[in-house]
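Presented below is the structure to which this report refers.
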Amino acid sequence: MALLERDGGCAKCHAPPEHCEAHHIRWWQRDGGTSDLANGVMLCTRCHHDIHRQGWGIEADSRRVRFVPPATIDPQRRPVDGGLAAIDIGEIGSGDPPDPLQPVWPRVTAEDEAMVRAWAEESRRASGDMDDWERCGACAPVA
């Protein structure tokens, strides 16, 4: 519960809590990491895999989470606020509001695009919205 209070869902992309699971920053079995706020973060499945695949670092304490990008994304590896701190706009009039016309989206990888294409293909097959040639998959019409 405390992780959800601090992170508000996925601490990296802000997916809702029902799409998240707790992640040990320092693995409890391999590294002897503890199960507490300083060693835990809520992540959705995609962000959990991105953290491992891309080499992100995570810094956490009882009040906030920060993500340290890999050098391939930020050569200076400057930490970025995560969790609710990343979307907290503070008090009204405390500074310039964020520009709503400049959304920040996670980088889409070739793996993400392939997964979406596979889902679309599966959906087309399931709905029956294919002709006999497409349904077969092994054959293709001669042009």
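Nothing here was measured: the structure is a model prediction, and the numbers come from that model.
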Can any side-chain N or O of N39 pair as donor or acceptor with the backbone N or O of R26 at less than 3.5 Å? yes

Just jot down the side chain to side chain donor-acceptor pair (under 3.5 Å) partners of D36, sequence neighbours excluded, or say none. T34

For the student: nearest non-hydrogen atoms of A15 and C20, plus distance: O-SG, 3.8 Å

Does E59 offer a backbone N or O that forms a donor-acceptor pair with the side chain of R66 under 3.5 Å? no

Just jot down the salt bridge (Lys or Arg N to Asp or Glu O under 4.0 Å) partners of R117, sequence neighbours excluded, or say none. none

For H14, all residues meeting ring-ring contact (aromatic ring centres under 6.0 Å, His included), sequence neighbours excluded: none

Can you sort out the partners of E21 under side chain to side chain donor-acceptor pair (under 3.5 Å), two or more places apart, ordered by chain and number? H48

Which atom of D61 lies closest to which atom of R63, heavy atoms considered: OD1-N, 2.7 Å

Using side-chain contact (heavy atoms from CB on, under 4.5 Å) as the criterion, list what pairs up with P75, not counting sequence neighbours. none

Is the number of heavy atoms from other residues, nucleotides or ligands under 6.0 Å of E122 CD greater than 12? no

Got a second to check how far C47's SG is from H23's NE2, nearest 0.5 Å? 11.0 Å

Pairing residues for R6 by the salt bridge (Lys or Arg N to Asp or Glu O under 4.0 Å) criterion, not counting sequence neighbours: none

Please report the interatomic distance OG1(T72) to CZ(R77), rounded to the nearest 0.5 Å. 8.5 Å

Please check if atom CD in Q54 has more than 12 non-hydrogen atoms from other residues, nucleotides or ligands closer than 6.0 Å. yes

Set of side-chain contact (heavy atoms from CB on, under 4.5 Å) partners for R78, sequence neighbours left out: D74, Q76

Quick one: closest heavy-atom pair of C10 and C13, and the distance? SG-N, 3.4 Å

Run through the side-chain heavy atoms of Ile, Leu, Val, Met, Phe, Trp and Tyr, join any pair under 4.5 Å, and report what else lands in I73's cluster. I25, V41, L43, I51, W56, I58, V65, F67

A22 meets the side-chain contact (heavy atoms from CB on, under 4.5 Å) criterion, sequence neighbours left out, with L3, M42

Residues in salt bridge (Lys or Arg N to Asp or Glu O under 4.0 Å) with E111, at least two apart? R53

